[in-house]
Structures are given as structure tokens and as C-alpha cells.
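Computed from a prediction, not measured in an experiment: that's the story for all the values here. Labels below follow one simple rule: chain letters A, B, ... track the order of the sequence lines, proteins then strands, and each chain is numbered from 1.
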4 protein chains.
Amino acid sequence: MKSPEHVASAVSDPKLVGERRGAILDAAVRLFAEHGYYVTTIQQIAKASGVSIGLIYQYFGDKEDILFLSLKRVLDRYETEIPARLEGVSHPVDRLCTAVWAYCSIVDELRQVAVLTYRSTRSLRADRRSLIQQAELRTNRLLERCVRDCIDGGHMRELDEFMLVYQLVMFCHAWALKNWALRERFDLARYVSGGVALLVEPFLTARGRAAVAALRKRTGDFSDMGAREAQR
Amino acid sequence: MKSPEHVASAVSDPKLVGERRGAILDAAVRLFAEHGYYVTTIQQIAKASGVSIGLIYQYFGDKEDILFLSLKRVLDRYETEIPARLEGVSHPVDRLCTAVWAYCSIVDELRQVAVLTYRSTRSLRADRRSLIQQAELRTNRLLERCVRDCIDGGHMRELDEFMLVYQLVMFCHAWALKNWALRERFDLARYVSGGVALLVEPFLTARGRAAVAALRKRTGDFSDMGAREAQR
Amino acid sequence: MKSPEHVASAVSDPKLVGERRGAILDAAVRLFAEHGYYVTTIQQIAKASGVSIGLIYQYFGDKEDILFLSLKRVLDRYETEIPARLEGVSHPVDRLCTAVWAYCSIVDELRQVAVLTYRSTRSLRADRRSLIQQAELRTNRLLERCVRDCIDGGHMRELDEFMLVYQLVMFCHAWALKNWALRERFDLARYVSGGVALLVEPFLTARGRAAVAALRKRTGDFSDMGAREAQR
Amino acid sequence: MKSPEHVASAVSDPKLVGERRGAILDAAVRLFAEHGYYVTTIQQIAKASGVSIGLIYQYFGDKEDILFLSLKRVLDRYETEIPARLEGVSHPVDRLCTAVWAYCSIVDELRQVAVLTYRSTRSLRADRRSLIQQAELRTNRLLERCVRDCIDGGHMRELDEFMLVYQLVMFCHAWALKNWALRERFDLARYVSGGVALLVEPFLTARGRAAVAALRKRTGDFSDMGAREAQR
DNA sequence: AATGAATGAGTGTTCATTCAT
DNA sequence: TATGAATGAACACTCATTCAT
């Protein structure tokens, strides 16, 4: 009867639902990310979001609903923000690198929450876990499109774009998952630059490499992406 | 006062401690992997391991101790089994590929437990989490050694072996973490083969590629690793 | 200070009070009867009666008020409807039988609500419980009057009319309380007929029996009461 | 899988289960009878029975289990004690009257609990409610046997024994249900005596009445049952 | 007069941990 | 050494009631 993505609310005014849910989720995500899903109590979420315990249950059916929407929000950010960052970028290789950069910088911003995705997705009911997984696949498909365009444009040699993309995604997630190890050695820009060197450049054709060289002349080294980002 | 790796036991006979802990951990790991750490109860572990609740507290100080040793055991398997599988393999490129293959096949065997590592490491006290991380780094160093040997032998071009290795490790872990997506497209052998094509071959020198070609003649394609494994 | 039968209302217009209370009680009685008093929530009553939660508290002081008036309403129906059905019936034995029949048919109509009386009267404050009990006694007295008239008219032998009447009342209530068992064996008409045979006829004098025989000739068998009822 | 009469216990020793359940039920029944099922809390039951909250859940699956066994125990007493009291009583009419007397005196002893049966049976799951109802029918059948023996022995005229017995049962229950009204007018012995006069004697044949008269000569008036009971 | 969002004390239930045997 | 009955703090969740609008 109820679809898995549906989260019941006793309150009808959609604007109010949006606002309150937002505030509660903000607090919940912070607490989940810091202490974990099971250790965080509804009491804590109520206190942190400045509402009563009862009110939480007017906007969410149960604790799992809160986790679900918390995770959904992260996945949604990937799905909407990566395309947004690609707007105006036209060269296929540039688009691919920009997508990786965007993904990594979102992960960087949401570091603990990105980890939460790995810690807590299995705490969801199967049908909702599946929804989260589908959202991940949709984001992957954004990157697959970039890879395919590189290949079709003759900038990259033919390869299994599904596998390359999943490797790129793991690379982005690793910035959160293994940050404890990586931050000793890289800052974000250098990490992304290293990833591009490892997972993009080796597969570029002569034409692709030429294009990159031309781009670099115009825009500075990819390893300087942090600076480009800072200029936005 | 107590070192983080120390797990208290009220029982003195070390042989008994080893046996009992083994049995309890077997059950605990299975349950943690299937249902998660917080959802699994001590009473379930007691029943599944065929001992009394009280006895568990004779061999472990608290529930976290059980989690710690559960995770430790997984990391230890990586650390001991990968070198074991490398024994008798001498060519650097072969060693690297064999190491990746070994890592992936252990992950495959422990699929749910490997995921547990990601879900539950943060449920440990900081000092113990750090111990787990160090164990991961030690395993990484095994692979770094392989990469270094490839480079030093002129089979692979100079590159940041730390980064390459972490990417290889993420590749292995992904077989567990993203198995829900990957198993639709690959079996283990084809997955490993694809990973080698993506993360090893592009960095081989002409000499390295020649060596691989020679190896293939003698041992069959890398994509046939499943068969090689089966012969063991 | 407040008399027990008083139920506070913030609304002054008495017509409005009557209407609103009626609608709310209709819903409440239905819900109480089906699910029980404690299990039914004010929010359910609000939804079922199509008013807001706040409005309920304008017409009732608290949840117990609603229960009190719900039960009161049932008792009031007995008290007003039984006399109404006796109107125009003149022969004492006929009056007694008609009263029993009327009582049973009201119980039949309110089956679940009649049970509610037994389930929930003890959830009222003592002073209100007592009010409900007095209402029951008043209804009993209606029947006692019928019995007394039979005795005084020489249709029934002298006996303890209080005890007989309470047994008759239990007989009527049993149709609701034990309906799960009785409905397998009787329909309402046959049940009433059986009750009269058991609790009225044995106490009739020869004169009383003659009167019944005469009545039957005119009106059909008492076991045909259902049909008589249907003609109303 | 689980039959409705089964109540789970985490404790295996059956003697201990019996003892503890007994103690907990004693407290629970007292509290349920006094305050009602929903108003009574597990905390109160724990305190009243001198055990911890947790222990209650080692012996009962949930609160409903406690209610079920509480009610079951009352029904079981009827079912075992009435036959016990009939032992050694041989004359059919005497047996019937003794059964009624026994039923009423158990109800008298358990007055509040007998009421609980009416208040709270509907709070049980349907399958368990049905179990309680079946137990009631089994007790009814004990009385039906007595009535049948009276009829077969020529002491009572032919009649619907199911209906007579249910009326007798309601009479016994009424002593608890309507005690607030009845105790003003009768003591238990006089009440039972009145019940026999109302629901037994009118149906006796001349032979039955003769037998009763003979019995009375030997044992004293039925209205003196209280005294007979006191002599036990 | 009417709304329904907001409150939080109070509920049934769980489960890591203890300890008498 | 081994048991498992016993504990009780802590949790998720409910719902009668209030009150700003």
C-alpha cells in the first residue's frame, strides 16, 4: 500500500513539513554522522533540533524514516549537484574531470555523512535500501554518460565504462571512507588530481591527451582545481 | 592503563581461551555480518556458539571486545593469507596480480564480514579503531611492496604507489561493498581480470607487458584466474 | 463541587452543544464499542466525527467525559424506549413480555455498545459509575412494575420481583455478552421466546396462563415476536 | 507456528516457571482486578510481585500474555473446582444445586477477577479470546450434564438445557457483576437459594420435588447452604 | 467558535551485564 | 570453569491535553 519512498507525516501543510523535516534532519544527520545511527536517540535528535519528542513523530513515522531521509538527502545532493556543476562545461574530457571533481568535493563537504551511507544503509528495510542503491546507480549513470561521450568523441579508448565509473565512484567515496589515512598525504585538490592521473589519463587517446593539454593551457593544471573551485 | 589490543579473560588456560574465543567469535562474526553489530545480542551469540551467556563474559570483557576481535580476525586473514598465496610466485607483475587476486578472493569468501568492517569499525573506541586502521595499512604495505618491485624491476612506470594501492584495495573491497550491483555483471574472475586491466596493465612498461605476455603463455590468461584458483 | 453528571462545555449555545456532542458521541461510541475505551484515541474520535481535536475539548472536559456520556446514552435509551414500546399495551403479562422483548431488541441493536457497558463502566470515576448504576436500577424498576402488576392482577404467583427482574435483565444483556455462543443456536426472536418460557411462564398462575393463551390467539405466538416487530 | 495457548518463557526449569509465573500472576490479577488491565503497568506488577521488570519478560512474552493467563486461571478454577465439589454427591438434583452453589461461591471468592473476565476478554487477540470462550463452554457443559441427569432421572421436565444452563451461569456471574446492587439485599447463601428457587425448582417434576423435600429433611434447607459450606 | 501543531510524561519492552550456585 | 536467572537503566514510541492563531 505504502511505497517505500513514502514517509508519513501527520501534518498537512507542505511548507511546514518541509521546514520542520529539514530542521530535524539537519540535527539527525549531524548526530548520526558523529555517533552512529543506533547510538543516537530520538531524545537527542529532539533536543538538538529544538523540538519535542512528540513532534518528531508528527513528521516521521519512526526512527528508520529519519535515517532513510537522511541518506536519501546525501544521494540527492550527488544527483543534483554534479549535473549543476557540469553546466557550461562542454569538452567531454573536461566534463568527466569536472564530474569527478564535483563528486569529490561534495564528499569532502559531507565527509561524515558519506561514511554514514556505508555504515547504515543496511539498517534500512530491504525495499528502502534498494531505493538508496538505485539512487547511487543513477549518479553512476551521470558519470557513465561522461565517459561514453569521451569515447564517442575519440578522446578515450573503448573500455567497460560501468567498471571504470564504479572505480571512480569508489575513489570519490574513499576520500571519506579512508580520510583518516589519505589526509596525511593529500589535500583534496591533490587527491583529485592523483585520481584523474590514475583513472582517467591512462585511457585517453592521443587526441584526448592533446585536448587536455590545450585545456590546461587555458585553465591551469587540473591539479589546481582547488583554486578554480575557490574562484567560483 | 590497558593497551588497546588487550582483551581481558577471566580464564587462565591459554589453550582454552583460544578455543572458546574461537567458537564464540565464529558465531559472533556470522551474526554481526548478517544482522549488524547493534542488532545482534549477547544472548544470540551465546545460543549460536553453544555456550552460556556467563561464559562469554569469562572470555571477553564486554560486547565491544567481541566486535574488536571479530574485525581484527578479518584484518589478520588479509595480512597472513595474502603473503601465503604469494609464496612461490616470483615475477613482480605476477606477484602483484596474484596479490590482488588473493585479496579479492578472501573478500569474496568473507563478503558480509568485509562489509561489517565498514559498518562497524566506528563502533569501536578510538584506540581500537586505530589498531584496525593500522592493520589495514600493514596489508596495504604488502601490496605497495609488490608495486614497488614492479617499478624497480622496470615493469611498471614510476607512480605514487600509495595511491595506486589504495585504489586497488578499494577495488577489492568494492567486490563486497557493491556486490549488489557488481554481481549482476561480473563473476569474481572476470571482476578481478577487469580490475587488473584497469589498475595494473595501463601502468606497465613495454617490458612489463612483455613479461605479462610471457606469463600468460605459461599460465593462461589472467581472466582465467578462477580456474587457476580452482586447481590449488 | 461539580455534580458528577455535569459535563463542562466551553460553548454556550445549548443547541450547538447538543448537536456537536451528538456527532462526537456517535463517533466515540462506535469506536469505543469496536476497539474499547483505552485503545480508542481522541485523535481517532476527532477524525471519525469530522471535527478537530481542539473542538472536542470545547465540548467535553476530558476523555472520561466522553465515555460517561457514551454510556449514559445507552442507559437512557433503555429507560426511554422500553416505556415507549409499552404504550398501548395493557394486559400485565403482555406488558411484561413486551418489556423483555423491547429490552432485548435494543440490546440487539446496540450489541457492541451494550458490551461496552460491562467493559468500561469501571473506568469511570466512582461518582459517575454510581450514576450509571442508578440508571440501570431505574430501568430495572420499569420491569419490576410490570412484574408487580402481573402479581397484583393475579396472573403471576408471589415472588421476589427484584431477583426475577435482575435475572430477566441479565438474560437481555446476555444476548450481547454471550452473543458469540448464542447466535449459533438462536435468532433473536427464538431467544426471547426461550427466555419468556424460562423466566416468565413458570411463574404464571392458571389465570395468567389463560391470559397468555388468549393473547396468543389474537396476536400469534410469542415466538413470532420478530414478525410482530417487523410490522411496526 | 505458536498455538494461541502457548506462552513463551525464556526460563527452562518448569518448576521455577511455575513458581515465578504464579507469583507474578497473583500480583497481576490483583492489580488488573482493582484498576483494570490497561491502567495497570508492568512496573506496578513488578513491584507488587517483588521481581524486576526484566524478569517478567523472562516468564511472559508480553503484557497480553499476563492477561491471558490471568483469565485462564479463573476459568480453570471453575473447570476443576466445580467437579471437585460434586464428588460424593450422587442425587441428580442435589448435584445440580451443588454445582450452582459451587460456581457462585468461587465467583464470590474471586469477585473482582470474575468481573475482569467481562472487562478484559476483548483485550485479547481473537485466537485467545476464543480459547477463553471455549473454556467457558466446557464449564457450562459440566452444568448441562447435571441438568440432563435430572431430566433423564425424571426429576426435571424436558427443556433446553443449553439455555437453562447459560441462564444459571449468568446468575452466578451476576453475583460478581452486579454485586454493588445485590449485596444490599442478599448474602451469598440467600442469593443462591433464590437462584435455585427461580431457575431450578420451577422445572422439577413431582418426583424431583419429592426428592428435594427428602434431601432437605436430611441436610437442612438449601437456603442454609452457607452453613453447610462453613462446615466443610 | 474552531483549528491542529505542539508538548512531554508515561508506556511496554529490550538487552548488556552481574552473580549466586 | 560454567551456568542462566536476575537486574534495571535506557530506548522508541504514544496520546491526552494545551494553546497560539
Side-chain angles (χ1 to χ4, degrees), chain A residues 9-13 16-17 19-20 38-47 50-66, chain B residues 9-13 16-17 20 38-47 51-66, chain C residues 9-13 16-17 20 38-47 51-66, chain D residues 9-13 16-17 19-20 38-47 50-66:
Chain A
S9 172
V11 176
S12 45
D13 178 6
L16 196 54
V17 171
E19 275 174 33
R20 291 279 195 215
Y38 283 109
V39 171
T40 300
T41 68
I42 296 288
Q43 299 254 8
Q44 288 169 346
I45 296 172
K47 177 163 277 181
V51 303
S52 67
I53 293 166
L55 201 71
I56 291 182
Y57 286 92
Q58 300 242 24
Y59 291 97
F60 299 91
D62 59 15
K63 198 184 175 190
E64 207 221 71
D65 278 355
I66 303 177
Chain B
S9 171
V11 177
S12 45
D13 178 0
L16 200 52
V17 171
R20 293 281 198 207
Y38 283 107
V39 171
T40 300
T41 69
I42 296 288
Q43 353 265 338
Q44 286 169 345
I45 297 173
K47 173 165 278 183
V51 304
S52 68
I53 292 165
L55 201 71
I56 291 181
Y57 282 87
Q58 303 256 6
Y59 291 97
F60 299 89
D62 59 15
K63 196 183 175 191
E64 207 221 69
D65 278 355
I66 304 177
Chain C
S9 172
V11 177
S12 46
D13 177 1
L16 200 52
V17 170
R20 292 281 198 209
Y38 283 108
V39 171
T40 300
T41 69
I42 295 288
Q43 352 265 338
Q44 287 170 345
I45 296 172
K47 174 165 277 182
V51 304
S52 68
I53 293 165
L55 202 69
I56 290 181
Y57 282 88
Q58 303 254 6
Y59 291 96
F60 299 90
D62 59 15
K63 196 183 175 191
E64 207 221 69
D65 278 355
I66 304 177
Chain D
S9 172
V11 176
S12 44
D13 178 6
L16 196 54
V17 171
E19 275 173 32
R20 291 281 195 215
Y38 283 109
V39 171
T40 300
T41 69
I42 296 287
Q43 298 253 8
Q44 288 168 346
I45 297 173
K47 176 162 277 183
V51 303
S52 67
I53 292 166
L55 201 71
I56 291 182
Y57 285 90
Q58 300 243 24
Y59 292 97
F60 300 91
D62 59 16
K63 196 184 175 189
E64 207 221 71
D65 277 356
I66 304 178

C:Thr41 has a side chain; which of F:dA9, F:dC15, F:dC13 sits nearest to it? F:dC15

Remember a base hit wins even if backbone is also touched, and classify [X] as base, sugar-phosphate or nothing at under 4.0 Å, heavy atoms.
{"X": "D:Leu16", "answer": "sugar-phosphate"}
{"X": "D:Ala46", "answer": "nothing"}
{"X": "B:Phe60", "answer": "nothing"}
{"X": "D:Ser9", "answer": "nothing"}
{"X": "A:Tyr38", "answer": "nothing"}

Closest non-hydrogen atom pair between [X] and [Y], with its separation:
{"X": "A:Ser52", "Y": "A:Ala46", "value": "C-CB, 4.0 Å"}
{"X": "D:Val39", "Y": "C:Tyr38", "value": "CG2-OH, 3.1 Å"}
{"X": "C:Lys63", "Y": "C:Thr40", "value": "NZ-O, 2.7 Å"}

Within this structure, what is the [atom1]-to-[atom2] distance between [X] and [N], rounded to whole angstrom?
{"X": "C:Lys47", "N": "F:dA16", "atom1": "NZ", "atom2": "C1'", "value": "17 Å"}
{"X": "A:Asp62", "N": "F:dA12", "atom1": "CG", "atom2": "P", "value": "11 Å"}
{"X": "C:Gln43", "N": "F:dC13", "atom1": "CD", "atom2": "C1'", "value": "13 Å"}
{"X": "D:Tyr57", "N": "F:dA10", "atom1": "OH", "atom2": "P", "value": "18 Å"}

By nearest-heavy-atom nucleotide on DNA chain F, the more 5' of A:Glu64 and D:Gly54 is D:Gly54

Both C:Thr40 and A:Ile53 contact DNA chain F. Which one's nearest nucleotide lies toward the 5' end?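 Its nucleotide being nearer the 5' end, the pick is A:Ile53.
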
Nucleotides bounding contact with chain A, strand DNA chain E, heavy-atom threshold 4.0 Å: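 Taking any atom under 4.0 Å from a heavy atom of chain A, the span is E:dA5 to E:dG8.
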
Nearest-0.5 Å distance that lies between atom CD in B:Gln43 and atom OG1 in B:Thr41: 5.0 Å

From CD1 (D:Ile42) to CD1 (D:Ile56), nearest 0.5 Å: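 So the CD1 of D:Ile42 and the CD1 of D:Ile56 are separated by 5.5 Å.
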
Any donor-acceptor pair under 3.5 Å linking the side chain of B:Ser9 with the backbone of B:Gln58? yes

Counting only heavy atoms not in D:Gln44, do more than 12 fall under 6.0 Å of its CD?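 Buried by this count: over 12 neighbours within 6.0 Å.
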
So does D:Glu19 have more than 12 non-hydrogen atoms from other groups sitting under 6.0 Å from CD? yes

What dot-bracket string describes DNA chain E from 5' to 3', counting Watson-Crick and G-U wobble pairs whose defining distances are under 3.5 Å, with [ ] for crossing pairs and | for pairs to another strand? .||||||||||||||||||||

Return no unless some side-chain N or O of B:Arg20 is found under 4.0 Å from OP1 or OP2 of F:dT1. no

Which residue, A:Asp65, A:Val11, A:Val51, forms the side chain to side chain contact (heavy atoms under 4.5 Å, CB included) with A:Tyr59? A:Val11

By nearest heavy atom, map D:Ile42 and D:Leu55 onto DNA chain E; which one lands nearer the 5' end? D:Ile42

Heavy-atom nearest nucleotide on DNA chain E taken for D:Val39 and for A:Val51; more 5' hit belongs to A:Val51

